[in-house]
Asker: 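Sharing a structure here in structure tokens format.
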Amino acid sequence: MILKELSINGLIAKIPVIQGGMGVGISLSSLAGAVAGAGGVGIISAAQPGYNWEGFASNPLKTNLEALAHHIKKAKEIAKGGIIGVNIMCAASNYAEYVKCCIENKADLIVSGAGLPINLPELVKNSAIKIAPIVSSVKAANILLSAWDKRYGKTADMVVVEGPKAGGH
Ligand SMILES: Cc1cc2nc3c(=O)[nH]c(=O)nc-3n(C[C@H](O)[C@H](O)[C@H](O)COP(=O)(O)O)c2cc1C
């Protein structure tokens with residue numbers, strides 16, 4: 001079968017498959033790295049990535065950010081140039097700190113659902129990271145993208161559309 005490559009505003013995946021972010025502890029560096037290394041887009045879930053790390057019980061935020069940084073770097077190593085993204089749910093506490101961690105550790109893409117990521121363009125400004133909201137309707141996409149355009153003069157690099165049959169949030 002011949003598959004057409006996928007372009008996400010300049011990021012090229014040879015295989016047009018995006019592996020969805022799966023918390024808690026399901027899509028971390030080994031899965032995302034393997035998918036990206038095979039030519040698809042690997043997504044690490046930022047939902048409690050440090051759940052099995054020492055220090056999680058006493059300081060979950062610090063541990064999660066350390067674990068996320070570790071998994072982004074490790075996935076990039078495994079993927080050898082493949083595309084690594086991070087799924088951050090809008091409902092997450094400390095959303096902005098997870099975004100900052102993705103930028104600092106050179107993730108390629110942020111995919112964000114479970115709410116509308118209204119201020120994401122502001123959080124990623126001056127970085128090369130791509131951004132992709134997850135929406136469940138055209139109405140939601142229109143509301144979000146016109147807000148991004150009005151406030152920041154920015155649009156999405158990709159939009160993920162999830163209908164009622166998706167196992168998403
Ligand atoms: C075990 C599991 C965990 C998931 N965790 C997340 C998550 O942390 N954040 C998120 O936005 N979506 C999450 N999802 C949704 C997936 O990323 C994906 O969007 C969804 O499963 C739709 O794809 P599918 O129809 O191929 O299953 C999860 C799905 C599964 C099955």
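Throughout, numbering of the chain's residues begins at 1 and tracks the sequence. Counting convention: from 1, in listed order, for ligands and their atoms alike.
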Asker: I'd like to check which ligand 1 atoms, numbered from 1 as shown, lie under 4.0 Å from a non-hydrogen atom of Asn87.
Answerer: 7 (C), 9 (N), 10 (C), 11 (O)
Asker: Side chains of residues 85-93: which donor-acceptor partners sit under 3.5 Å, not counting sequence neighbours?
Answerer:
none

Asker: Under 4.0 Å, counting heavy atoms only: does Gly21 come that close to any atom of ligand 1?
Answerer: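 Within the 4.0 Å threshold, so yes.
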Asker: For Ile26, take its heavy atoms, then give the atoms of ligand 1 lying under 4.0 Å from any of them.
Answerer: 1 (C)
Asker: I'd like to know if Ala114 contacts ligand 1, where contact means a heavy-atom distance under 4.0 Å to any ligand atom.
Answerer: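 Ala114: no contact with ligand 1 (<4.0 Å).
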Asker: Can you name the atoms of ligand 1, numbered from 1 with element, that are less than 4.0 Å from a heavy atom of Met22?
Answerer: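 Near Met22, the atoms of ligand 1 are 2 (C), 3 (C), 4 (C), 5 (N), 6 (C), 28 (C), 29 (C), 30 (C).
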Asker: Does Lys74 come within less than 4.0 Å of Glu77, counting only side-chain N to carboxylate O?
Answerer: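 Here Lys74 does not pair with Glu77 in a salt bridge, since their nearest N and O are not under 4.0 Å apart.
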Asker: Can you sort out which atoms of ligand 1 are near Glu162, meaning under 4.0 Å from one of its heavy atoms?
Answerer: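 With Glu162 as reference, the close atoms of ligand 1 come out as 18 (C), 19 (O), 20 (C), 22 (C).
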Asker: Which atoms of ligand 1 are found less than 4.0 Å from any heavy atom of Gly20?
Answerer: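 Checking each atom against Gly20, I get 17 (O).
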Asker: Which of the atoms in ligand 1, numbered in the order shown and given with their element, are less than 4.0 Å from a heavy-atom of Ser45?
Answerer: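 Listed by number with element, the hits are 8 (O).
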Asker: Look at atom NZ of Lys100 and say whether more than 12 heavy atoms of other residues, nucleotides or ligands are closer to it than 6.0 Å.
Answerer: no
Asker: Show which atoms of ligand 1 fall inside a sub-4.0 Å distance from at least one heavy-atom site of Met89.
Answerer: 8 (O), 9 (N), 11 (O)
Asker: What is the minimum heavy-atom distance between Ile129 and Ile110, and which atoms define it?
Answerer: CD1-CG1, 3.7 Å
Asker: What are the two closest heavy atoms between Ile84 and Ala79, and how far apart are they?
Answerer: CD1-CB, 4.1 Å
Asker: Quick one: closest heavy-atom pair of Ser27 and Gln19, and the distance?
Answerer: CB-NE2, 3.1 Å
Asker: Is the shortest N/O to N/O distance between Gly23 and ligand 1 below 3.5 Å?
Answerer: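 Yes.
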Asker: Take Met158 and Leu11 through the side-chain contact (heavy atoms from CB on, under 4.5 Å) test and state the conclusion after the steps.
Answerer: CA-CA 11 Å; Met158 174 179 82; Leu11 286 179; over 6 Å; no
